[in-house]
Amino acid sequence: MNIKFYPVDITYSIEDGKPLIFLYGRTAEGEQICVIDDSFKPYFIVTGKPELDALKAVKQDDYVVTDIVKAKKNLNETETDAHIVYVNLPKAAPELQKLARKIKGVTGAYEHDIPFTRRYLIDKGITPLTQVIVDAEKTTRDFRVPCYFAKNIKSGDETATPLKILALDIETYNPDNKLDFKKNPILMIALYGEKFSRVITWKKFKTEDKTIEFVQSEADMLARFVELVHQFKPDMITGYFTDGFDFPYIFERAKILKVKLDLGLDNSALEIAGRKETEAKIAGIAHIDIFKFIKRVIGRGLKTDSYSLDAVSKELLGKQKHKVDMDHFFKVWDKGGEELEPFCKYNLQDTLLTYELTEKVLPTLIEFVRIMRLPPYDINRMPYSMFVEWYLINQAHQRGEIILSKPEHTEEGERMRERIQGAFVYEPKPGYYQNLVVFDYRSLYPSIIASHNISKGLVNCECCKDAPKIETERGTFWYCQKRKGLFATIISDLILIRAEVKKQLKKKSDNLLAARSEALKVLANSFYGYMGFAPARWYCIECAESTTAWARHYIHKAIDTAKEAGFTVLYSDTDSVFLLLEKKTKEQALALMDEINKKLPGLMELDFEGYYPSGIFVSLKAGEGGAKKKYALLNEKGELKIKGFETVRRNWSYIAKEVQQNVLSIILKENDPKKAKNYVREVIDSLRKNKLEVSKVIIKTQLTKATGTYTSVGPHVAAAQRMEAKGMTVSSGSIIKYVVIKGKGKIRDKVKLPEETSQDEYDGEYYIQNQIIPGIERIFAVLNINVDDLMSETKQSSLFGYEK
DNA sequence: ATTATCCGGGG
DNA sequence: GTGTACGGATAAT
């Protein structure tokens, strides 16, 4: 019979000396099933012309060679003699390849370090979460889902994946602010899915809430949890930091209480892997720790600098956690009764947030799963470098290119010491400027790699000595012009695929398409970093060196062409150029861009980033000439674009940020230094006279450890201690708010909490010197306004009671 | 400056 | 498991 289904998870096991692949997933009809395939054989590859009889005879313990097949392959992008050496067991490959290397005629052994289940997906061209059509027959097995034996398996149409998601969260007994898996019980477990919400707890109280379910004990709660998961039959269990907290905690408690956690669809137990950083695995169900995915993949695009469930939910969903006093949860538990209900609701809200966050980022996760052809469990835990690597592995296999091995430890160490010359920065003179245009190279590094055919196997080929060459500190490099390289092909493909996606996206906006476009962009941009990444299989320092060298070449080219055309170049960093128009027009600048573009090879292109009526460039520190990455621009819409200033930082008071922003705004919009000066003077004056309200002088700093453990007590620690003295609980991660008040001694002795500070108490002089002045002094330096002068004049003016 | 270490998330 | 942390910030030298 033919079954259409969507694989979610993949495992393998050995039965009767033979490896079996288990694909778990959901059918188009919505049934959860397992498809078993016994047809796939483990193997590795040898290059050279081996003595076949000797190679065939290679064995160790139970490991034997079962077959050898001659194959045409490329090694490092050059044709090579190769043989595929089939072995009886997956683990035989890494062992037997060591012996195979010693056989006469063998020049190398490869592809012995690819995990078996991943090997299966690559070779069969099967993509998780994407339709697979399998010719199968029913088989009997003691699994939780019906099993089928595969006779033939192939990929099907791209359609929406039917997925059942279940979110999980636990609350624990926690009396001394220390998480103790061994001592403290789990008090509640919440589950949330489509048309399903439940909180299980083991202390009964009166409630109308039907979602709360009471059991007799912690052990019963754990058993009930397992039962509910089996009833719900999720494809995906999702949680927030469940790899590091909820599942390891459940695991430890179940061990102590002797509860079976047979969550796996093959009846296997929940598995906790890793010593320092744990991972939780359930056979057949994709456990997604959405915190990990958000932090590693989505996080770059978020404004929040905390990845707490509360902060992330607020930004992505516009929803937050319930506010309850977690510090006293254990007391409420001890006492029992109806006061426990808000904690149940809090527990459930966390699962709701987790569920919705998962729904929100799932398109991106699915896109990565499809591009990298790896299970969602793996994608969830993978760093970017590995996205590039597994994409390369898939592409290499399709092209008959031998997958290179991971470097040995010593090799990796040597690579770590290799440094490459970075990007070019043209430092601007600090100053105030008008009429600027900004150009930047679109996807500079990827387009260089594609256009110059930069690839590991093509460095300084013998056949193309007349290819374009690039000088670097490491030597002169060129790349073969006769063959298209692996990197270049893959990157041009990525760029073209993305252009197509963007075209579709223009026709109609779509979540999945947008995620796809973003994933492809990020992937292309990661190639440069990958080439210089020590543990990379396709590590190529010459390629990385050539890429930055060409980048420097092209940015210089743009700068020189602009200068020749009579433009003043103000600033340049990596891929962008800032020009002053002076007497020239925007049209002339655009013509210059066209001229530069005409001479660029391949996919490279200089883009018009924008026109700015005014801008200010500020030196980083007094004495340091340049103003690298510290500038503010005003666009034609009147919006400020601020780079590198302190305005966004949390540990500055509101008034400091406000003054800096307003000064920049006055300068850029009105070009009126006098007005800016007077404005600051007024603020200084109102600080001196304590006219400004307390709320504007609150400083916020995050506490990073418990108050008692600090060796040097900073102002925020002193404030935290005050809070503790008042019976409030603070802990690592709390944001401490404080105000500096008048008085003598160290700052930490002059700290008060905002609610205990009256308006005439705060130390205006402190705020002027430590918050206002540092934020504006470099801006004023550019405008030749003397800050000391500003201060004394204010003193006078306030003394005589008039403004100058 | 450069190198080692600590930490996040979770209650 | 045919493989495994990572990246950023802060403290220490």
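From a predicted model like this one, the values you see are computed outputs, not experimental measurements. Reminder, nothing fancy here: chain letters follow the sequence lines and each chain counts from 1.
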Mind checking if K321(A) touches a base, just sugar-phosphate, or nothing, with heavy atoms under 4.0 Å? sugar-phosphate

Which part of the nucleic acid, if any, lies within reach of R381(A) when heavy atoms closer than 4.0 Å are counted: base, sugar-phosphate only, or nothing? nothing

Toward the 5' end of DNA chain C, which comes first, R296(A) or M382(A), by nearest nucleotide? M382(A)

Touch class at under 4.0 angstrom, heavy-atom based, for Y43(A) against every strand present: base

Remember a base hit wins even if backbone is also touched, and classify L187(A) as base, sugar-phosphate or nothing at under 4.0 Å, heavy atoms. nothing

NA contact type, E277(A), heavy-atom cut-off 4.0 Å: base, sugar-phosphate, or nothing? base

E218(A) side chain vs I186(A) backbone, donor-acceptor pair below 3.5 Å: yes

At under 4.0 Å between heavy atoms, what does D243(A) touch on the DNA or RNA strands: base, sugar-phosphate, or nothing? nothing

Determine whether V369(A) and L374(A) make a side-chain contact, defined as any pair of heavy atoms from C-beta on separated by less than 4.5 Å. no

Report the distance from atom CD of E389(A) to atom P of dA5(C), rounded to the nearest whole Å. 14 Å

Base, sugar-phosphate, or nothing: which does K292(A) touch, judged by heavy atoms less than 4.0 Å apart? nothing

Take the angle between the ring planes of F247(A) and F225(A) and call it parallel below 30°, perpendicular above 60°, tilted in between. tilted

Mind checking the C1' distance from dG3(C) to dG9(B)? Whole angstroms is fine. 25 Å

Side-chain contact check for F291(A): nearest option of dT2(C), dG9(B), dG11(B) is dG9(B)

Which part of the nucleic acid, if any, lies within reach of Q97(A) when heavy atoms closer than 4.0 Å are counted: base, sugar-phosphate only, or nothing? nothing

May I ask you to decide if L404(A)'s main-chain N or O and R537(A)'s side chain share a donor-acceptor pair within less than 3.5 Å? yes

Look at all strands and tell whether E95(A) reaches a base, only sugar-phosphate, or nothing, counting heavy atoms closer than 4.0 Å. nothing

Nearest to the side chain of F329(A), which nucleotide is it out of dA5(C), dG11(B), dG3(C)? dG11(B)

Please determine whether a side-chain nitrogen or oxygen atom of K91(A) lies at a distance below 4.0 Å from atom OP1 or OP2 of dG3(C). no

Describe, in one word, how the ring planes of Y377(A) and H287(A) are oriented to each other, choosing from parallel (under 30°), tilted (30 to 60°) and perpendicular (over 60°). tilted

Would you classify L309(A) as touching base, sugar-phosphate or nothing, given that sugar-phosphate means primed atoms plus P, OP1 and OP2, and contacts are heavy atoms under 4.0 Å? sugar-phosphate

So D350(A), base contact, sugar-phosphate only, or nothing? Heavy-atom distance under 4.0 Å. sugar-phosphate

Quick one: which of dG11(B), dG3(C), dT2(C) gets closest to the side chain of Y346(A)? dG11(B)

